[in-house]
Amino acid sequence: MDNKRGQWGSTFGFLMAAVGSAVGLGNIWGFPYKMGSNGGFAFLLIYLVLAATVGIVVMLGELALGRKTGKGPVGAYQSFAKKYTWIGYMGIVCGFLILAFYSVLGGMVTRYMVAFTLQLMGVDGFAGQGGDFFGFLLYDYGGLIFFCMLFMVTTLVIVMGGIEKGIEKFSAIAMPALFFILLFIIIYVACQPGAGAGYAFMFKPDFSVFSDPEIGFFGVLKSAAGQMFFSLSLGMGCMITYGSYLSKSENLQRNAFIIPVADTAIALMAGMAVMPACSAFGLEYTRGPGLLFATMQTVFTSMGSFGNFIGFLFYFLIFIAAVTSSISILEVITTYQIDKTIAKGKEPNRKKISVLYTVAVFVLALPVALDALGSGGAAIQAPYEMLGIEYKGPGFAMWNDCWLDLYDLVAEGILMPIGAMIMSILVGWVWKTDIIKKECELSGAAFKGYKYFDICFKYVVPVAMAFILVAQMMDFFG
Ligand code: TRP
């Protein structure tokens with residue numbers, strides 16, 4: 001391994017970093033709210049099946065390709081053949097787009113964390129807005145940009161530290177902390193009267209959502225598939241990048257199993273904190289994205305004075321989750337430039353590279369921060385006004401008036417499913433699943449379940465990706 005690039009110091013450190021990448025806003029925000037609006041248990045069941053068939057397989061594919069080539073997505077595909085390089089570039093584009101909106105959301109989480117800290121100190125953290133804080137925050141552009149910058153600088157400082165001394169060191173402390181804080185909140189919530197209804201919603205077999213004409217089986221499948229993919233950080237080369245810093249003695253199959261299991265466990269735990277907390281205070285969990293901010297704020301203020309402490313802990317843990325994810329996205333972009341510099345025979349300057357790319361991402365984040373998440377009456381024009389690409393077809397297309405949704409459509413809706421589909425087709429049909437097997441067996445461990453992985457690479461993953469692609473497009477274009 002090229003020591004100009006660096007390497008993970010330990011298996012535990014790598015796992016914490018990779019699980020940290022996977023566990024993020026997707027788990028603590030997306031999972032509970034999507035589960036809430038997609039029938040609870042039915043969603044959970046489909047999610048688990050998808051994670052086992054598609055998630056684990058794509059995870060192994062990405063980790064193995066990364067370690068085999070010792071490069072990020074662009075370099076990895078390029079080392080097979082020049083004609084595949086563009087697949088890697090799609091990942092880099094996704095990295096910019098996802099990090100741009102992720103930083104704005106991360107900034108909002110940071111702001112809530114600070115607000116509850118002020119509350120704890122006896123100062124009004126909600127700027128006199130009380131329960132309307134969320135509505136206020138969306139239009140407080142100075143605040144949004146400030147906290148977005150704070151979040152980005154935190155991300156940058158860790159990535160500047162490098163693989164072992166930055167990302168690994170931070171994750172190895174932050175991820176166990178996240179776990180114990182979440183556990184504590186779950187126990188505290190469980191002691192609140194009325195929490196039971198929340199668990200029942202999650203775990204009591206109920207498939208009535210399948211006969212809901214608005215959602216139905218395919219509606220649930222589509223949400224669960226998109227959620228699983230984003231939550232596991234798959235499809236843009238994040239795991240290729242993290243895999244490229246692994247030593248050859250590492251057991252890839254075991255890691256590709258542990259990461260999805262841990263990610264799913266944390267998503268479930270987040271559900272077990274959020275759903276019962278809502279049911280205990282008579283709040284809805286089926287209302288969608290406002291859940292993490294507006295609804296949870298109400299939950300904590302209803303808890304009395306101790307609520308400020310729980311509220312602080314809750315947003316602190318989401319902050320950790322978001323930072324360990326955003327560093328993995330910035331690392332994909334940084335690694336790309338590092339690989340390129342090394343290929344030219346020059347000495348890469350990690351610090352300079354990551355600063356430059358952070359500035360670029362910040363510029364991309366500005367439209368997201370200035371349009372009040374599409375709530376109307378914002379500081380800048382909506383995408384369709386600015387780009388002149390209004391979609392007037394049947395159904396109302398969300399991305400017409402929300403920059404976050406537009407970025408999300410391009411990245412999560414189009415490029416990522418295409419990326420994962422092509423990867424699994426290349427592995428299954430062109431390079432053959434054998435290259436994954438060979439790479440895994442370098443550690444000395446025998447490859448398990450070859451037939452299963454082969455079938456998944458060849459058929460299950462491509463079909464699932466095609467399904468996500470079509471479903472997302474139909475969704476966005478109305
Ligand atoms: N998985 C993270 C979450 O659940 C987000 C994330 C990090 C991500 N890296 C990614 C999503 C790469 C897609 C691709 O919040």
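Only this structure's heavy atoms are used, side chains among them; waters, hydrogens and symmetry mates stay out. First listed ligand is number 1; within each ligand, the first listed atom is number 1.
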> Can you list every salt bridge (Lys or Arg N to Asp or Glu O under 4.0 Å) pair that touches residues 221-244, not counting sequence neighbours?
Replying inline: Lys222-Asp475
>> Under the salt bridge (Lys or Arg N to Asp or Glu O under 4.0 Å) definition, can you give me all pairs with a residue in residues 289-298, not counting sequence neighbours?
In response: none
> Among Arg67, Lys68, Lys71, Arg5, which residue meets the side chain to side chain donor-acceptor pair (under 3.5 Å) test with Ser244?
Replying inline: Arg5
>> Just to be sure I understand the cut-off, which residues have at least one non-hydrogen atom under 4.0 angstrom from an atom of ligand 1?
In response: Ser21, Ala22, Gly24, Leu25, Gly26, Asn27, Ile98, Tyr102, Phe230, Ser231, Ser233, Met236, Cys238, Ser325, Ser328, Ile329, Met416
> Does Tyr407 have any ring pair (Phe, Tyr, Trp, His ring centres under 6.0 Å) partners at least two apart in sequence or in another chain, and if so, which?
Replying inline: none
>> Would you say that more than 12 heavy atoms from the other residues, nucleotides or ligands in this model lie under 6.0 Å from the CE of Met160, or not?
In response: yes
> Among Tyr84, Trp86, Tyr89, which one satisfies side-chain contact (heavy atoms from CB on, under 4.5 Å) with Val74?
Replying inline: Tyr89
